[in-house]
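Down below is the structure, laid out as structure tokens.
Because the structure is a prediction, the values reported are computed rather than measured. All residue numbers refer to positions in the sequence shown, counting from 1.
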Amino acid sequence: MTTTAPPAEDRPGRPADDDERLLHASPLRKLLGRPELGSVVGALAVFLFFSFVADSFLQLSSFGTVLYAASTIGIMAVPVALLMIGGEFDLSAGVMVTSSALVSSMFSFQMTANVWVGVLVSLLVTLAFGVFNGVMLTRTKLPSFIITLGTFLMLTGLNLGLTKLISRTVSTKSIGDMEGFPSARKLFASQLTVGGVELKVTILWWAGLVAVATWILLRTRFGNWIFAVGGNAEAARAVGVPVLKTKIALYMGVAFCAWIAGQHLLFSFDVVQSGEGVGNELIYIIAAVIGGCLITGGYGSAIGSAVGAFIFGMTSKGIVYAEWNPDWFKFFLGAMLLLATLLNAWVRKRAEATR
């Protein structure tokens, strides 16, 4: 004998409009559910702290300097955050920036071509690095930590070995007098004045990347794929998500932003040191984690990574403005990482408790 459940309106204590699928989240619940909430609170605390301990911190010129420091990290923190949401890491991101700059510089100088030719060749080569990481990850099934650590070591060796082989020194030759250099510098390393504040063009690149990444995550099917892959790759594959293509695309996104950052590095100084970039990959990851990304994947936001990079910029320059010993910077950075991670975990638990 089968029984039929009574209609919702006939169930005691369970009105029809009480179905949890029909409930609308309150503004507070939505706020607590945002990944970047903890980082915003942390950024406000850091801002207030340095406002009191450093008199020059609130000057307009200082604001432009802080934003520039944040943008150089933020450009890479955005794609690293998306990659972490997708459940993976890229330990080669820091040296890939230098590789991009070296390829552009040495190709332009050795081929005596317009620097724009070197820029385009660098874009193709850097994207190839991203494809390599993605394909190796998906084909070998090895952890991204191992794959990208290997790429990190190979690129570090290539950067130094090829630069010394071609240039006979550890840095590239100057390309400042080559055709196309002024226009390339205008795109990648110029500055503009807004309201009396000098702002580097990297700030615009950073803001644009954050906007595009946020749109992708929240408004596109690919954004849903990123969250699904990071949350549970096997479950995502079972419902038709192209897991392999999604991860390769994310690594290509890291490579594309490494190309942007590399061109800024090159056209800011017109020469590149082959040993630069080592260790920066950890800073990108720290900015993403401070911004609310979980190491386990499936959770985070591009805006959070921007806030994390802004905290990095305020701390690095705030210590200088406060006239403290800069040797303490890494200590403060580590402390912020731990505090931000604990705060993000607390906020996430509160958000889950209100559901």
Side-chain angles (χ1 to χ4, degrees), residues 68 71-73 75-76 79-80 90-137 146-190 200-202 205 248 251-284:
Y68 173 62
S71 68
T72 56
I73 300 301
I75 286 175
M76 288 302 298
V80 167
D90 191 346
L91 297 181
S92 65
V95 293
M96 195 182 298
V97 171
T98 306
S99 298
S100 170
L102 290 172
V103 170
S104 182
S105 177
M106 289 191 291
F107 190 89
S108 298
F109 185 86
Q110 297 299 323
M111 302 302 292
T112 63
N114 188 301
V115 296
W116 281 105
V117 177
V119 169
L120 294 178
V121 171
S122 175
L123 174 60
L124 296 177
V125 172
T126 310
L127 288 177
F129 294 151
V131 173
F132 174 82
N133 280 337
V135 171
M136 287 294 292
L137 175 76
I146 298 298
I147 296 295
T148 58
L149 178 60
T151 307
F152 162 80
L153 294 173
M154 289 190 293
L155 289 181
T156 302
L158 283 173
N159 289 350
L160 178 60
L162 288 179
T163 303
K164 293 183 71 174
L165 179 65
I166 296 174
S167 301
R168 304 298 180 185
T169 65
V170 295
S171 65
T172 61
K173 303 297 184 181
S174 173
I175 61 171
D177 57 350
M178 293 188 63
E179 184 180 355
F181 185 87
S183 58
R185 167 171 277 185
K186 186 175 182 180
L187 179 62
F188 294 107
S190 62
K200 296 285 188 177
V201 72
T202 50
W205 278 104
I248 293 174
Y251 276 105
M252 291 182 67
V254 174
F256 175 75
C257 291
W259 171 74
I260 295 174
Q263 303 317 295
H264 170 69
L265 177 65
L266 171 61
F267 291 106
S268 293
F269 307 103
D270 82 33
V271 296
V272 183
Q273 297 291 327
S274 60
E276 292 188 32
V278 176
N280 285 350
E281 61 282 341
L282 296 180
I283 296 177
Y284 306 148

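- How far CZ of F107 is from CG of L120: 10.0 Å, rounded to the nearest 0.5 Å.
- In terms of heavy-atom proximity, H264 sits nearest to F188 at ND1-O, 2.9 Å.
- For F181, the ring-ring contact (aromatic ring centres under 6.0 Å, His included) criterion is met by F267, not counting sequence neighbours.
- Here the closest heavy-atom approach between residue S268 and residue R185 is recorded as O-NH2, 3.4 Å.
- Note: T72 OG1 to W205 CH2 = 15.5 Å, rounded to the nearest 0.5 Å.
- By the ring-ring contact (aromatic ring centres under 6.0 Å, His included) test, F152 is found to be paired with no residue, residues two or more places apart in sequence or in another chain being considered.
- Counted by atom type alone, S122 and S100 present one or more donor-acceptor pairs between their side chains at under 3.5 Å.
- Side-chain contact between W116 and L187: present, with at least one pair of heavy atoms (C-beta onward) separated by less than 4.5 Å.
- Residues I260 and M76 form no side-chain contact, since every pair of their non-hydrogen atoms from C-beta on lies 4.5 Å or further apart.
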| said: Quick one, V103 with T126, criterion side chain to side chain contact (heavy atoms under 4.5 Å, CB included). Give me CA distance, side-chain angles, the key distance, then yes/no. | reply: CA-CA 9 Å; V103 170; T126 310; 6.0 Å; no
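- In terms of heavy atoms, M106 sits closest to S167 at SD-OG, 4.2 Å.
- A pairwise comparison of heavy atoms in K173 and S105 identifies O-OG, 3.8 Å as the closest pair.
- Once rounded to the nearest 0.5 Å, the distance linking CG of D90 with CG of L149 reads 11.0 Å.
- Considering every non-hydrogen atom in both D270 and S174, the closest pair reads OD1-OG, 3.1 Å.
- In this structure, the side chains of F109 and T172 stay at 4.5 Å or more apart for every pair of heavy atoms.
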Could you go through residues 271-283 and list every donor-acceptor pair under 3.5 Å that involves a side-chain atom there, pairing it with any protein atom two or more places apart or in another chain?
unit_1: S274; atom_1: OG; unit_2: V170; atom_2: O; d: 2.9
unit_1: E281; atom_1: OE1; unit_2: G279; atom_2: N; d: 3.4
unit_1: E281; atom_1: OE2; unit_2: G279; atom_2: N; d: 3.2

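- Distance OG1/T98 to CG/L158: 12.5 Å, rounded to 0.5 Å.
- Evaluation of the ring-ring contact (aromatic ring centres under 6.0 Å, His included) rule for F256 yields W259 as partners, not counting sequence neighbours.
- When the shell of 6.0 Å around CD of Q110 is examined, it contains more than 12 heavy atoms from other residues, nucleotides or ligands.
- For the atom pair CG of L160 and CG of L102, the computed distance is 10.0 Å after rounding to the nearest 0.5 Å.
- Annotation: the span from I73 atom CD1 to Y68 atom OH amounts to 10.5 Å, rounded to 0.5 Å.
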Q: Go through the steps for S71 and K200 under the test side chain to side chain contact (heavy atoms under 4.5 Å, CB included), then give the verdict.
A: CA-CA 9 Å; S71 68; K200 296 285 188 177; 5.5 Å; no
- Message: One pair to check against side chain to side chain contact (heavy atoms under 4.5 Å, CB included): Y251 and M136. What are the steps and the verdict?
- Response: CA-CA 11 Å; Y251 276 105; M136 287 294 292; over 6 Å; no
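- Among pairs with a residue in residues 148-163, those fulfilling side chain to side chain donor-acceptor pair (under 3.5 Å) read S99-N159, N133-T151, at least two apart in sequence or across chains.
- By the side chain to side chain contact (heavy atoms under 4.5 Å, CB included) test, I146 pairs with P143, sequence neighbours left out.
- The two residues S104 and Q263 make their nearest non-hydrogen contact at OG-OE1, 3.0 Å.
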